[in-house]
J.: 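So that we are looking at the same thing, I have put the structure below in structure tokens.
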Number of protein chains: 2
Amino acid sequence: MNTPELCLGALLCGDASGYEIKQRFETIFSHFQKASFAAIYPALTRLEADGLVTARVETQQKRPAKTIYSLTEAGRQRFIDALHESQGDEIFRSDFVLQMFFAELLDADKLAETLERHEQRLRETIARLEAVRDQGGHSPGQRFTLDYGIAVKRASLAFVEQSKATFIHEEPEP
Amino acid sequence: MNTPELCLGALLCGDASGYEIKQRFETIFSHFQKASFAAIYPALTRLEADGLVTARVETQQKRPAKTIYSLTEAGRQRFIDALHESQGDEIFRSDFVLQMFFAELLDADKLAETLERHEQRLRETIARLEAVRDQGGHSPGQRFTLDYGIAVKRASLAFVEQSKATFIHEEPEP
DNA sequence: CCGTAATATATCAGGCTGATATATTACGGC
DNA sequence: GCCGTAATATATCAGCCTGATATATTACGG
């Protein structure tokens, strides 16, 4: 899915400004999609021109004015169509795994740091997803995405923990 | 890591043409990195200009001539430096998870197909990684990347299998 | 003999990221 | 009361990258 289609999906969760759509990418979608402001704002302009969203300006007392976008019925249908046509493609790219591929070229110190840093990031991600899950109020689909993320990250963490012994050989204190 | 740096890594596994480097991205690196021809060829030209690789043309009896690239010592050192400086960033983007997030908007048929298609892809990926692993001859680091991929994909598969019942309600035959 | 696949390189349009810029307000510290 | 930092809100640009497409040659199966 490209950024315009993803914006339609974000707006399915409720009317929002470009800034608020970006926030949705960084919260509810954060573990499986992302988009930058530089992709979102032009996408919204284009979607409005195509009649898939409508825009209204909202002036705020204590904040800059914002342009709120709403899905039109055509926009809603377009997103549902895109969801049905999607092939469910996944992209995984990892510099961590690349580092491990060439583990023999890393200093012992750097290798240990790489593994521990990755472990820590996995723990943080798991904790964050669990916190969101435990807030409750999710649809079965939303719940699936959280539990799926947690299951996968836990498996990664377990594997890294278990592999540490193979790669890190503690030097005795001098 | 950007494409030029990744090409240096690919060349660490032995001299290669642009075409052969692409093949390495599709085999040994396939489960954690990727790059297209349109990124690889300009990268190699640039790396040669920077003295990080050398090029030689090799004419073949039964194939078009190819330009073989070799790492220079500077190129080797540059890659090792990049490996040490890398923050081990990971990118995961999944249209499958997006489909599940909005599972309620999918037809029952499409939802079942989405889950089964994803299951099948996971099984294929696991089988491919296991086949490579079972060929043997890998360094500990390479072995780690294969086992890590297998562990993560198995966890994904187990979770999807277990979740199917929640989302797919078999209609009795009419 | 024909079509398809593999080898080998190259390029282009378009999409996206990361960085940067601008303006406003809120808030904590001193 | 002042200053810096953070959050809100939008916008733009260079540069990188993908997907598609093009070209030429050879191998192979039907």
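Remember, predicted model here, so these are calculated numbers, not experimental data. All chains are named by letter (A, B, ...) in the order of the sequence lines, taking the proteins before the strands, and each is independently numbered beginning at 1.
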J.: Checking contacts here: which listed nucleotide (D/dT18, C/dC16, C/dA8) is nearest the side-chain heavy atoms of A/T3?
T.: C/dC16
J.: Examine distances only and state if a side-chain atom of A/Q33 and a backbone atom of B/S94 form a donor-acceptor pair shorter than 3.5 Å.
T.: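 Yes; judged by distance alone, with no hydrogens or angles, the pair exists.
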J.: Do A/F32 and B/F96 have their ring centres less than 6.0 Å from each other?
T.: no
J.: Which one, D/dT10, C/dT17, D/dT18, comes nearest to the side chain of A/A39?
T.: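 Comparing D/dT10, C/dT17, D/dT18 against the side chain of A/A39, the answer is C/dT17.
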J.: For D/dC2, which nucleotide in any strand shown is its Watson-Crick or wobble partner with both distances under 3.5 Å?
T.: C/dG29
J.: Among side-chain atoms of B/R128 and B/S30, is any donor-acceptor pair under 3.5 angstrom?
T.: yes
J.: Could you tell me which nucleotide pairs with D/dA14 by Watson-Crick or G-U wobble geometry, both distances under 3.5 Å, or answer none if nothing does?
T.: C/dT17
J.: Could you check how far NZ of B/K22 sits from C1' of D/dG19, rounded to whole Å?
T.: 10 Å
J.: In this structure, how many angstroms lie between the C1' atom of C/dG18 and the CD atom of B/Q87, rounded?
T.: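 Rounded to whole Å, this separation is 16 Å.
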J.: State the pairing partner of D/dG30; accept Watson-Crick or G-U wobble contacts with both distances under 3.5 Å, and report none otherwise.
T.: C/dC1
J.: In whole angstrom, what separates A/E26's CD from C/dG18's P?
T.: 11 Å
J.: Taking the side chain as everything from C-beta on, heavy atoms only, tell me whether B/F101 gets closer than 4.5 Å to A/C13.
T.: yes
J.: Under 4.0 Å, counting only non-hydrogen atoms across every strand here, what does B/S36 touch: a base, just sugar-phosphate, or nothing?
T.: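 Here B/S36 touches the bases of the nucleic acid.
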J.: Using atom types as modelled and distance alone, determine if a side-chain donor or acceptor of A/S86 lies under 3.5 Å from a backbone N or O of A/L83.
T.: no
J.: Measure the distance from CG on B/N2 to C1' on D/dA14 and round it to the nearest whole Å.
T.: 15 Å
J.: Can you tell me the distance, in whole Å, between the CD1 atom of A/I91 and the P atom of D/dT18?
T.: 9 Å
J.: Write down the distance between CZ (B/F37) and P (D/dA22), rounded to a whole number of angstrom.
T.: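 Between P of D/dA22 and CZ of B/F37: 17 Å.
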J.: Please check the phosphate of D/dA9 (OP1 and OP2 only) for any side-chain N or O of A/T67 closer than 4.0 Å.
T.: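 No, A/T67 has no side-chain N/O under 4.0 Å of OP1/OP2 on D/dA9.
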J.: Is the side chain of A/H31 donor-acceptor paired with the backbone N or O of A/T125 at a distance under 3.5 Å, no angle test?
T.: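 No; judged by distance alone, with no hydrogens or angles, the pair does not exist.
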J.: Against A/L71, only a single residue in A/Q77, A/R78, A/R76 fulfils side-chain contact (heavy atoms from CB on, under 4.5 Å); can you say which?
T.: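 Between A/L71 and the candidates, side-chain contact (heavy atoms from CB on, under 4.5 Å) is satisfied uniquely by A/R76.
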J.: Roughly how many Å is it from OH in B/Y19 to P in D/dA22, rounded to a whole number?
T.: 19 Å
J.: Using purine N1 to pyrimidine N3 plus N6-O4 or O6-N4 for Watson-Crick, or N1-O2 and O6-N3 for G-U wobble, each under 3.5 Å, what pairs with D/dT25?
T.: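 Matched D/dT25 with C/dA6 under the 3.5 Å cut-off.
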J.: Using the side-chain heavy atoms of A/K34, tell me which of these nucleotides is nearest: C/dT7, D/dA11, C/dG18.
T.: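 Of C/dT7, D/dA11, C/dG18, C/dG18 is nearest to the side chain of A/K34.
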J.: Between D/dC13, D/dT10, C/dC12, spot the one nearest the side chain of A/A38, thanks.
T.: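 Nearest listed nucleotide: D/dC13.
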J.: By a strict heavy-atom criterion of less than 4.0 Å, which residues belonging to residues 40-56 of chain B are in contact with DNA chain D?
T.: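 Contacts with DNA chain D under 4.0 Å: none.
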J.: Keeping the roles fixed (side chain from A/E104, backbone from B/G141), state whether a donor-acceptor pair exists under 3.5 Å.
T.: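 It does hold such a pair.
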J.: For B/Q23 and C/dT7, is the shortest distance between a side-chain N/O and OP1 or OP2 below 4.0 Å?
T.: yes
J.: Measure CZ/A/R93 against P/D/dT18 and give the value in whole Å, please.
T.: 6 Å
J.: Taking only side-chain nitrogens and oxygens of B/S17, does any of them come within less than 4.0 Å of OP1 or OP2 of C/dT7?
T.: no
